[in-house]
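Here is how names work: the chains are called A, B, and so on, in the same order as the sequence lines, proteins then strands, and each is numbered from 1.
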Amino acid sequence: MSDFITIKKRTHYCGDVNGAHIGEEVVLMGWTHRRRDHGGVVFVDLRDREGIVQVVFNPEISASCHEEAQRIRSEYVLAVKGLVRRRPAGMENPDLKTGEIEVLAHDLEILNEAKTPPFVLDGTAEISENVRLKYRYLDLRRPELQKNLILRSRVAAATRDYLQRAGFIEVETPFLTKSTPEGARDYLVPSRVNQGQFYALPQSPQIFKQLLMISGFDRYFQIVKCFRDEDLRADRQPEFTQIDVEMSFITEEDIIRIMEGMIAHIFKTCLGRELPLPFPRISYREAMDRFGKDNPDLRFGLEIRELTDILQGSGFKLFAEIAAGGGVISAIRVADGKGLSRKDLDDFKDYVAQYGAGGLAWARVVPDGWTSPIYKFLTPGEVGAINERMEAREGDVLLFVADSPNVVRDALGNLRSHLAKKLGLIAPGAMAFTWVTDFPLFEYSETEKRFVSTHHPFTSPVLEELPLIETDPGKVHARAYDLVLNGSEIGGGSIRIHRKDVQTQIFKALGMGDEEVSSKFGFLLDALEYGTPPHGGIAFGLDRLVMLMAGAESIRDVIAFPKTQKATCVLTDAPSPVSVEQLMELSLKIVT
RNA sequence: GGGGUCGUAGUUAAGUCGGUUAUAACGCCGGCCUGUCACGCCGGAGGCCGUGGGUUCGAGUCCCAUCGACCCCGCCA
């Protein structure tokens, strides 16, 4: 139509027009969400990031606009000038934020046409991930994803706001940095200037933030990308974002208090939700015993109880043998488990099998004992003792796993969550936070045949336990803490080692030789000698936090351009081969 | 590295025991329609059944391989 767009500016977002604008002339720009052509009158739902408003093209208002409006198709980009008016009585649409009004168009410019999109953007159909990712720019037009990314932006803003007020200084650290042993596989970047040598993308800015403490910044934070070349999961991407925090002259209590405040501030600002503080705390040991995991989901019960002492001398040979071989027998109780079918119980057996459990025994508690394949092997005393420990009542179902301690924890820990979902035990919208504390400093790695850090090698041990490092490293505790939300680890941190002698001792305990230590971490050990303050910190997974806040099923739904499970980008087709010239410049050769 | 689910029209799905022309809904195209809002009505187009091989008189369907998406184990200080 006219080129009014070049003279007129947009006056409002589509979703922002409301009853207060009745009688005003507005200029709107946006995408055609849907068109309803009644022959005489044409309705267009115009959409932008703030929402949808109905635009009416009536030939009695503008015959030329009405004619032009016939051309409009889905996702055409429009500029519309028109009069905001109250909808005729009975024509209001309560499903729309703008449903009280409509815009009577008297000028229209089609700013751009659009091919028919490969999927409808109204969110009514479940589109396959493949198609969504290939047309990510269209998927991102969907209000649901826009909402997630807007929430993400607000979370980041609330974080900065809180931390700036609390005296934290945002400092950027390098992405092109040094590959270090321990931890995840590094993403490597070849150096052209230094042929045959490589940078690594940071798995976290860990060492840099400690150096900033040595530099005296006292309180540092950064919202920063981290990179780990490991396999993906529904809540794991190879590049992800951390809220990274470090403080000097503090203790665990200071960090926990300030960070609880930050999380509460984020929830208040972004979701309007008050979180009760302080968050509960649970020791690593207790979390493992009661929930089988160091990231326990506290939204439901189904706690694990160990029965080894009752069953070690049992007439049920399998149990007795497992107990004699250092294994354990544990169970969880499903209250009122009548709804669980025989098939369900079989499915649970398959479910725990993936965690290495050889079997799953079950028992239904009935008035005169149990209905159970193992009932005949047990004495009434054993059954009674188990019922008592499990607090079992008639109608309950008990689920037993007997195996090595690790397998039993894994199997029952995961079965808990599986059951809770299946039985609908999780209250919608529940947010169960807990700190997990008193981690072991080391864990023994069967694959590497040595002790590895539970958190990372810079975590301070509990100093009184330091002597145990030589004799019984598995017994030493770390000054570390994780924050868990709904069974997801959303943050973790520790008080760091600020003494060179302690740091050296830890590297040694991890099996690193002097030469390796000095080539990989020499700069850190040097720095520790120049007046390092006691310090500690924490890092939160921003993606996971937003995912949980948004109620998203996948981390991909809170990342604008995520990778597929094979770590590729379907949209850009990355990664991809490079030219021989590029390789030569880097003195690289593809050998496979 | 391993286990599983899936792949049929643009999209989402159905497709029986291997058998004639592969269905439906939405979307798309054309027509009609002045109050719809997942508008309605009439008509129409649209398919390398992921790909390659095999079995068979005959394969969307059975077998093998392969590619891709997703979920999980391992891995992720």
Side-chain angles (χ1 to χ4, degrees), chain A residues 33-46 52-61 66 70 73-75 87-96 98-99 102 104 115-135 138 180-186 203-204 206-207 226-238 240 350-357 407 410-411 414 418 439 441-443 445-448 451-459 478 480 489 492-494 506 510 539 541 553-554 556 562-566 568 570:
Chain A
H33 192 64
R34 204 173 268 114
R35 180 189 63 124
R36 291 175 296 279
D37 186 347
H38 284 244
V41 64
V42 175
F43 299 99
V44 165
D45 290 340
L46 198 62
I52 290 172
V53 70
Q54 172 165 281
V55 179
V56 185
F57 296 95
N58 190 319
E60 289 160 17
I61 304 295
H66 177 259
Q70 321 261 321
R73 295 294 181 271
S74 284
E75 299 308 310
R87 290 196 185 193
M91 299 299 156
E92 300 84 1
N93 184 349
D95 296 335
L96 285 184
T98 60
E102 62 189 6
L104 193 57
K115 287 171 73 173
T116 303
F119 49 90
V120 216
L121 303 183
D122 61 7
T124 51
E126 291 264 315
I127 311 300
S128 73
E129 199 84 19
N130 214 356
V131 179
R132 287 179 54 194
L133 290 174
K134 182 168 175 197
Y135 298 95
L138 297 180
T180 53
E182 303 289 304
R185 203 174 284 115
D186 284 324
Q203 297 176 28
S204 87
Q206 182 59 38
I207 295 179
C226 301
F227 307 86
R228 296 180 189 176
D229 186 4
E230 298 293 348
D231 287 344
L232 289 80
R233 286 287 188 283
D235 63 351
R236 249 163 53 188
Q237 283 271 308
F240 61 98
D350 294 340
Y351 181 81
V352 296
Q354 62 181 322
Y355 301 98
V407 168
D410 248 15
N414 287 296
H418 185 70
F439 282 86
L441 186 66
F442 301 118
E443 289 167 324
S445 162
E446 290 296 337
T447 45
E448 299 192 45
F451 279 97
V452 296
S453 297
T454 305
H455 276 85
H456 55 58
F458 319 108
T459 301
E489 183 199 322
S494 60
I506 298 294
L510 290 168
E553 290 287 312
S554 162
R556 294 183 297 278
K563 302 281 188 291
T564 68
Q565 194 169 48
K566 287 190 73 186
T568 66
V570 189

Whole-Å [atom1] distance, [N] and [M]:
N: rG27(B); M: rG74(B); atom1: C1'; answer: 43 Å
N: rA45(B); M: rU61(B); atom1: P; answer: 27 Å
N: rG53(B); M: rA14(B); atom1: C1'; answer: 28 Å
N: rU11(B); M: rC28(B); atom1: C1'; answer: 11 Å
N: rU66(B); M: rG7(B); atom1: C1'; answer: 14 Å
N: rA24(B); M: rC42(B); atom1: P; answer: 15 Å
N: rC62(B); M: rC76(B); atom1: C1'; answer: 41 Å
N: rG44(B); M: rC37(B); atom1: P; answer: 25 Å

Among the candidates [options], find the nucleotide nearest to the side-chain atoms of [X].
X: Glu230(A); options: rC75(B), rG68(B), rU11(B); value: rC75(B)
X: Thr447(A); options: rU12(B), rC71(B), rC75(B); value: rC75(B)
X: Pro88(A); options: rG35(B), rC73(B), rC76(B); value: rG35(B)
X: Arg228(A); options: rU34(B), rC75(B), rC76(B); value: rC76(B)

* Asked: Does Arg236(A) have a side-chain nitrogen or oxygen under 4.0 Å from the phosphate oxygens OP1 or OP2 of rC72(B)?
  ->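 Indeed not, no polar side-chain atom of Arg236(A) lies that close.
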
* Asked: Is the shortest side-chain N/O distance from Ser128(A) to OP1 or OP2 of rU12(B) below 4.0 Å?
  ->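 Looking at the OP1 and OP2 atoms of rU12(B), one of them is under 4.0 Å from a side-chain N or O of Ser128(A).
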
* Answer with yes or no whether Arg73(A) presents, from its side chain, a donor or acceptor under 3.5 Å of a partner atom in the base of rG27(B). => no

Any base atoms under 4.0 Å from [X], or only sugar-phosphate, or nothing? Heavy atoms, all strands.
X: Gln203(A); result: nothing
X: Glu446(A); result: nothing
X: Phe458(A); result: nothing
X: Thr459(A); result: nothing
X: Pro118(A); result: sugar-phosphate
X: Arg132(A); result: nothing
X: Pro59(A); result: base
X: Thr98(A); result: nothing
X: Ser204(A); result: base

Measure across [X] and [Y] and return the closest heavy-atom pair with its distance rounded to 0.1 Å.
X: Asp186(A); Y: Gln203(A); value: OD1-NE2, 2.6 Å
X: Val41(A); Y: Phe57(A); value: CG2-O, 3.3 Å
X: Lys563(A); Y: Pro238(A); value: CG-CG, 3.9 Å
X: Gln565(A); Y: Leu232(A); value: O-CD1, 3.4 Å

What distance separates [X] [atom1] from [Y] [atom2], expressed to the nearest 0.5 Å?
X: Thr564(A); Y: Lys566(A); atom1: OG1; atom2: NZ; result: 8.0 Å
X: Leu510(A); Y: His456(A); atom1: CG; atom2: NE2; result: 12.0 Å
X: Glu230(A); Y: Gln237(A); atom1: CD; atom2: CD; result: 14.0 Å

For atom [atom1] of [X] and atom [atom2] of [N], their distance in whole Å:
X: His33(A); N: rC26(B); atom1: NE2; atom2: P; value: 17 Å
X: Glu553(A); N: rA69(B); atom1: CD; atom2: P; value: 20 Å
X: Ile52(A); N: rU36(B); atom1: CD1; atom2: P; value: 19 Å
X: Leu104(A); N: rU36(B); atom1: CG; atom2: P; value: 16 Å
X: His418(A); N: rC73(B); atom1: NE2; atom2: P; value: 13 Å
X: Ile127(A); N: rU12(B); atom1: CD1; atom2: P; value: 5 Å
X: Asn130(A); N: rG10(B); atom1: CG; atom2: C1'; value: 14 Å
X: Glu129(A); N: rG68(B); atom1: CD; atom2: P; value: 16 Å

* Any sub-3.5 Å donor-acceptor pair from His66(A)'s side-chain atoms to Gly40(A)'s backbone N or O? -> yes

* To do: Just do the side chain to side chain contact (heavy atoms under 4.5 Å, CB included) check on Ile506(A) and Leu441(A) with the steps written out, would you?
  => CA-CA 10 Å; Ile506(A) 298 294; Leu441(A) 186 66; 3.7 Å; yes

* **Nearest-nucleotide 5' precedence on RNA chain B, Ser74(A) against Val56(A)** =>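 This one resolves to Ser74(A).
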
* Asked: Hey, which of these two, Val570(A) or Asp231(A), hits RNA chain B nearer its 5' end, going by closest nucleotide?
  ->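 Final value for this comparison: Val570(A).
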
* Asked: Do Arg36(A) and Asp45(A) meet the salt-bridge criterion of a basic N to acidic O distance under 4.0 Å?
  -> yes

* Do the non-hydrogen side-chain atoms of Asn93(A) and Arg87(A) ever get within less than 4.5 Å of each other? ->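 They are in contact (side-chain heavy atoms under 4.5 Å apart), so the answer is yes.
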
* To do: Applying side chain to side chain donor-acceptor pair (under 3.5 Å), name anything that partners Thr116(A), two or more places apart in sequence or on another chain.
  =>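 Expected list: none.
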
* Hey, can you tell me if His418(A) and Tyr351(A) have their rings parallel, tilted or perpendicular (30° and 60° cut-offs)? => parallel

Would you list the protein and nucleotides 2-7 of chain B atom pairs, both N or O, that sit under 3.5 Å from each other?
none

Got a list of protein N/O to nucleotides 37-41 of chain B N/O distances below 3.5 Å?
from, atom 1, to, atom 2, distance (Å)
rC37(B), O4', Arg36(A), NE, 3.0
rC37(B), O2', Arg36(A), NH1, 3.4
rC37(B), O2, Gln54(A), OE1, 3.4
rC37(B), O2, Asn93(A), ND2, 3.1
rC37(B), N3, Arg87(A), NH1, 2.5
rC37(B), N4, Arg87(A), NH1, 3.1
rC37(B), N4, Met91(A), O, 2.3
rC39(B), OP2, Arg34(A), NE, 3.4
rC39(B), OP2, Arg36(A), NH1, 3.2
rC39(B), N3, His38(A), NE2, 3.4
rC39(B), N4, Asp37(A), O, 2.7

* Ring of Phe43(A) versus six-membered ring of rU36(B): centres under 5.5 Å and planes under 30°? -> yes

* Sort out the partner of rC6(B) for me: Watson-Crick or G-U wobble, both distances under 3.5 Å, none otherwise. =>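 Pair assignment: rC6(B) / rG68(B).
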
